[in-house]
**Student:** 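Mind having a look at this structure? Questions to follow.
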Amino acid sequence: MHQQQKHRRSRVRWAVGTMAAVIASAAAMIAGPPRADAISTANEGRPAVAAAARTMENLDRAVVAVRSSDTDVLVTWRLLGLDPDDIGFNLYRSTGGAASTKLNAEVLTGATNFVDSTADLTKTNSYRVRPVKGGKEQASSKIFTLSANHAKEPVVRIPLQQGGPIKFTWVGDLDGDGRYDYVVDRQTSPQQIEAYRSDGTLLWRMDMGPNSTDQNNIEGGSSTIDVGHWDGVTVHDLDSDGRAEVAVRIADGVTFGDGETFSYGDDTHQFIAILDGRTGAARATAPVPGDYLADGPMYARFGVGYLDGSTPSLVAYMKNRVGDGGFNLMMTAWKFDGSEVVRQWKWLRGDQNAPDGHNTRIVDVDGDGKDEIAEIGFVLNGDGTLRYSLAPEGVIHGDRFYLAKMDPDRPGLQGYGIQQDNPSGLREYYYDAADGSMIWQHKADGVADVGRGLVGDIDPGHPGMEAWSFSGIYNAPTGKLAESDTSLSPWPALGLWWDGDLTMELLNNHKLEKWNPEAPAASNSLPRLLTTSKFGAVGVGSAGNPTMVGDIMGDWREEAVYADADNDELIVFTTDRPTETRLYTLAHNPAYRNDMTVKGYMQSHEVDYFLGDGMSEPPSPSIVYAPSGS
């Protein structure tokens with residue numbers, strides 16, 4: 001039986017608007033032409049930002065509209081990280097190319113979504129918002145158009161060129177217009193990388209060359225990408241000029257997006273390449289350190305973090321195998337200044353007992369504004385020195401771990417990880433992310449490979465997040481069972497923010513599900529909100545994973561990106577449910593945006609504040625916007 005807790009945190013008032021403001025009646029609509037007031041600067045109305053503020057993307061409002069029923073359209077848009085607290089919005093609709101009509105009677109000051117129940121859906125409908133500051137309308141957002149007789153689906157479809165299967169998608173503003181563009185891999189032989197504008201216009205294609213034909217997931221070719229828990233690619237604005245670059249680990253024989261071929265005298269030496277996001281041309285290359293070259297080329301996992309607190313660095317986790325035995329591990333950090341890519345530091349594991357896993361997280365674990373680099377069993381400081389190892393606590397290799405604000409009442413962030421074949425019987429563990437001190441562990445007789453684990457607030461009856469693998473759902477702050485029957489729990493795949501309340505949804509092999517603590521069920525019997533395969537989505541691998549998850553359009557809820565069966569379309573699932581919760585876009589949260597740059601084994605992204613039932617108002621992020629890159 002589910003354990004009930006008498007105390008429940010009340011929902012904080014800042015988080016909700018009124019549904020009357022979200023769902024306005026047709027009779028209350030007011031028509032009128034938009035005003036032409038000039039837009040204010042991005043930081044207007046905010047206190048001066050500290051010198052250590054990090055430069056992040058200058059994103060637009062990302063207006064998106066989907067048909068949610070026979071009569072309704074849900075329109076959502078971004079609240080930005082530096083928006084003033086009192087900012088509001090007016091929403092406009094143009095039907096069939098006619099003049100725009102304002103849909104809201106009062107300025108929308110609550111959640112950044114609106115249900116339009118009066119549109120003529122047999123015609124095209126175009127939506128845009130205008131921010132309102134100090135009672136004055138600002139410049140319009142870009143327009144999102146819903147086609148006539150559009151399907152009822154929570155989907156935005158991005159056309160692609162025909163090509164091979166896609167494993168990963170990355171997003172970044174390649175052309176500087178404030179919208180996220182798309183970079184995809186093609187799992188062909190040789191492999192390819194393609195870049196597309198937000199509307200599906202092909203920008204360029206890169207051929208990874210003959211050294212990408214060996215796609216063994218442990219020891220493959222020197223330019224092979226995206227096999228196993230490896231990627232070797234990421235997308236970010238590395239020189240903070242307002243346009244994103246593509247970082248790739250390359251070797252002899254790759255052909256860049258502008259048609260230039262990279263040549264070197266052998267097939268083993270590898271290089272870091274920074275590509276122009278608009279053209280695919282190499283803007284800079286630098287050699288990967290050759291410490292372990294005698295054991296062959298190294299696979300790579302890339303991510304981005306702000307190791308100095310203000311500017312981005314590329315972080316590379318790289319391994320190769322010593323014969324048929326253990327693995328060499330090297331981690332490096334790189335800075336791109338717009339013309340050169342320079343290595344900042346190198347860390348070699350050597351004989352240090354520092355357990356790694358299948359994912360990397362780059363986050364500020366100690367609250368000083370500067371990011372650290374975390375693996376499942378150790379953390380490096382931003383300068384490449386070892387901060388701590390969890391090996392003395394009995395931790396070894398494992399598949400998944402998370403760093404998040406799991407306990408709203410405990411200072412800092414917490415970590416949760418699972419174990420693979422730990423001889424001590426350790427299954428899962430929960431610890432302080434700043435210093436690695438262990439808070440609780442769960443052990444069992446025998447040795448087991450715990451292949452999945454997840455964290456998220458799924459039970460509002462217990463303060464903070466829950467953490468679970470296959471031995472029951474535990475309240476993370478207390479380490480106590482949140483559900484007494486350990487056979488009842490969700491499958492620990494991916495967490496996703498979708499339905500608009502403050503507890504997390506679950507994405508599991510094409511099924512978007514919801515845990516109901518009042519009616520607990522086995523993992524194959526959870527209430528279902530959505531089945532992605534019904535809309536043509538094809539998952540990756542046996543787990544049916546999306547090619548990425550992240551907050552890439554609309555309000556703060558997350559999108560899941562899949563390819564279709566013909567690999568000529570990205571199917572972007574975006575919410576069709578209204579919400580009363582107002583939050584700035586997760587993409588302007590430093591921890592979350594870093595996490596969007598990492599692949600490895602597909603895992604959920606985390607913000608650096610507690611996001612869940614009873615949450616407090618999150619602080620404004622310490623960021624400044626990059627200049628407009630268009």
Side-chain angles (χ1 to χ4, degrees), residues 329 349 351-368 371-381 385-457 459 462-482 486 489 492 495 591 595 601 603-604 606 608-610 612:
L329 172 59
R349 178 167 58 185
D351 58 2
Q352 299 173 85
N353 195 350
D356 62 317
H358 295 290
N359 201 300
T360 302
R361 295 188 182 271
I362 307 172
V363 61
D364 177 12
V365 301
D366 60 359
D368 68 352
D371 290 331
E372 286 75 40
I373 302 102
E375 288 293 320
I376 197 167
F378 70 91
V379 172
L380 298 183
N381 291 308
T385 58
L386 183 65
R387 182 179 185 88
Y388 64 79
S389 171
L390 295 175
E393 302 290 343
V395 171
I396 63 168
H397 174 86
D399 282 1
R400 285 164 173 76
F401 80 107
Y402 305 87
L403 297 177
K405 185 71 172 175
M406 302 179 203
D407 183 348
D409 296 325
R410 183 184 177 95
L413 305 180
Q414 294 78 48
Y416 167 79
I418 58 175
Q419 292 286 272
Q420 179 177 349
D421 297 337
N422 192 312
S424 73
L426 179 63
R427 300 295 200 258
E428 54 191 343
Y429 55 98
Y430 177 76
Y431 59 101
D432 188 289
D435 61 11
S437 57
M438 201 60 61
I439 301 172
W440 54 256
Q441 295 185 336
H442 295 152
K443 295 184 178 181
D445 293 337
V447 175
D449 180 1
V450 183
R452 298 286 187 276
L454 189 57
V455 297
D457 186 12
D459 187 343
H462 302 268
M465 291 187 181
E466 280 63 56
W468 71 100
S469 55
F470 299 111
S471 57
I473 304 174
Y474 290 85
N475 176 243
T478 64
K480 297 179 180 179
L481 283 170
T486 58
S489 66
D595 218 26
Y601 281 178
Q603 297 180 38
S604 301
E606 306 291 346
D608 56 17
Y609 58 86
F610 174 67

**Student:** Between Ala354 and Ser389, which heavy-atom pair has the shortest distance, and what is it?
**Tutor:**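 Looks like CA-OG, 3.9 Å.
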**Student:** Between Glu372 and Asn381, is any side-chain donor less than 3.5 angstrom from a side-chain acceptor?
**Tutor:** no
**Student:** Show the nearest heavy-atom pair for residues Gly417 and Phe401, with the distance to one decimal.
**Tutor:**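 The pair with the smallest heavy-atom distance is CA-CB, 3.9 Å.
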**Student:** Quick one: are Pro492 and Phe470 in side-chain contact, heavy atoms under 4.5 Å?
**Tutor:**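 The answer is yes, as the side chains (C-beta and beyond) meet within the 4.5 Å cut-off.
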**Student:** Can you give me the closest heavy-atom contact between Ala374 and Val379, atom names plus distance?
**Tutor:** CB-CG2, 3.8 Å
**Student:** Would you compute the distance between atom OH of Tyr402 and atom CD of Gln603 and round it to the nearest 0.5 angstrom?
**Tutor:**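 Nearest 0.5 Å value for the OH-CD distance: 5.0 Å.
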**Student:** Do any N or O atoms from the side chain of Tyr609 and from the backbone of Pro408 form a donor-acceptor pair under 3.5 angstrom?
**Tutor:**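 Flag not set: sc Tyr609 to bb Pro408 has no pair under 3.5 Å.
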**Student:** State, yes or no, whether a side-chain contact exists between Asp356 and Arg349 at a heavy-atom distance under 4.5 Å.
**Tutor:** yes
**Student:** Do Asp371 side-chain atoms and Asp364 backbone N/O form a donor-acceptor pair below 3.5 Å?
**Tutor:** yes
**Student:** For a side-chain contact (heavy atoms from CB on, under 4.5 Å) with Trp468, tell me which candidate from Leu481, Ile418, Leu454, Thr486 qualifies.
**Tutor:**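 Exactly one candidate clears the test, Leu454.
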**Student:** Calculate, to the nearest 0.5 Å, the distance between atoms CG and CG belonging to Leu390 and Asn353 respectively.
**Tutor:** 10.5 Å
**Student:** Considering non-hydrogen atoms only, spot the tightest contact between Met465 and Asp457 and give its length.
**Tutor:** CG-N, 3.8 Å
**Student:** Are any side-chain N or O atoms of Asn359 and backbone N or O atoms of Tyr601, one a donor and one an acceptor, separated by less than 3.5 Å?
**Tutor:** yes
**Student:** Decide whether Ser471 and Glu428 meet the rule of one side-chain donor and one side-chain acceptor closer than 3.5 Å.
**Tutor:**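 Short answer, yes.
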**Student:** Would you please test Gln419 and Ile396 for side-chain contact (heavy atoms from CB on, under 4.5 Å) and show each step?
**Tutor:** CA-CA 7 Å; Gln419 292 286 272; Ile396 63 168; 3.2 Å; yes
**Student:** Report the distance from atom CG of Leu426 to atom CD of Glu393, rounding to the nearest 0.5 Å.
**Tutor:** 10.0 Å
**Student:** Between Lys480 and His462, is the side-chain contact (heavy atoms from CB on, under 4.5 Å) condition met? List the steps.
**Tutor:** CA-CA 10 Å; Lys480 297 179 180 179; His462 302 268; over 6 Å; no
**Student:** On a heavy-atom basis, which atom in Ile473 and which in Ser489 lie closest, and how many Å separate them?
**Tutor:**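 Scanning both residues, the minimum pair turns out to be CG1-CB, 3.5 Å.
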**Student:** Rounded at 0.5 Å granularity, tell me how far CG in Asp459 sits from OH in Tyr474.
**Tutor:**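 With rounding to 0.5 Å, CG (Asp459) is 14.5 Å from OH (Tyr474).
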**Student:** Okay, side chain of Arg427, backbone of Gly425: is any donor-acceptor separation there less than 3.5 Å?
**Tutor:**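 Side chain of Arg427 to backbone of Gly425: a pair is present.
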**Student:** Write down the atom of Ile376, the atom of Tyr431, and the distance for their closest heavy-atom approach.
**Tutor:** O-OH, 4.5 Å
**Student:** Do any side-chain atoms of residues 445-453 form donor-acceptor pairs under 3.5 angstrom with protein atoms, and if so which ones, sequence neighbours left out?
**Tutor:**
none

**Student:** Quick one: CG on Asp407 to CD on Gln414, what's the gap to the nearest 0.5 Å?
**Tutor:** 5.5 Å
**Student:** Treating Lys405 as the side-chain partner and Gly464 as the backbone partner, does any N or O pair qualify as donor plus acceptor under 3.5 Å?
**Tutor:**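 No, the answer is negative, given that no donor and acceptor are paired below the 3.5 Å cut-off.
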**Student:** Within this structure, what is the OG1-CG distance for the pair Thr385 and Leu380, rounded to the nearest 0.5 Å?
**Tutor:**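 Thr385 OG1 to Leu380 CG: 7.5 Å, rounded to 0.5 Å.
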**Student:** Which class fits the ring pair Tyr416 and Trp440: parallel under 30°, tilted 30 to 60°, perpendicular over 60°?
**Tutor:** tilted
**Student:** Holding to side-chain hydrogen bond (donor to acceptor under 3.5 Å, both in side chains), I want the full list of residues that pass it with Glu375, two or more places apart in sequence or in another chain.
**Tutor:**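 Listed in chain order: Arg301, Thr360.
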**Student:** For side-chain contact (heavy atoms from CB on, under 4.5 Å), just list the numbers for Lys443 and Asn422, CA-CA rounded to whole Å, side-chain angles, deciding distance to a tenth of an Å, and then say yes or no.
**Tutor:** CA-CA 10 Å; Lys443 295 184 178 181; Asn422 192 312; over 6 Å; no
**Student:** Are side-chain heavy atoms of Leu403 and Glu606 found at a separation under 4.5 Å?
**Tutor:**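 Not touching, per the 4.5 Å side-chain cut-off.
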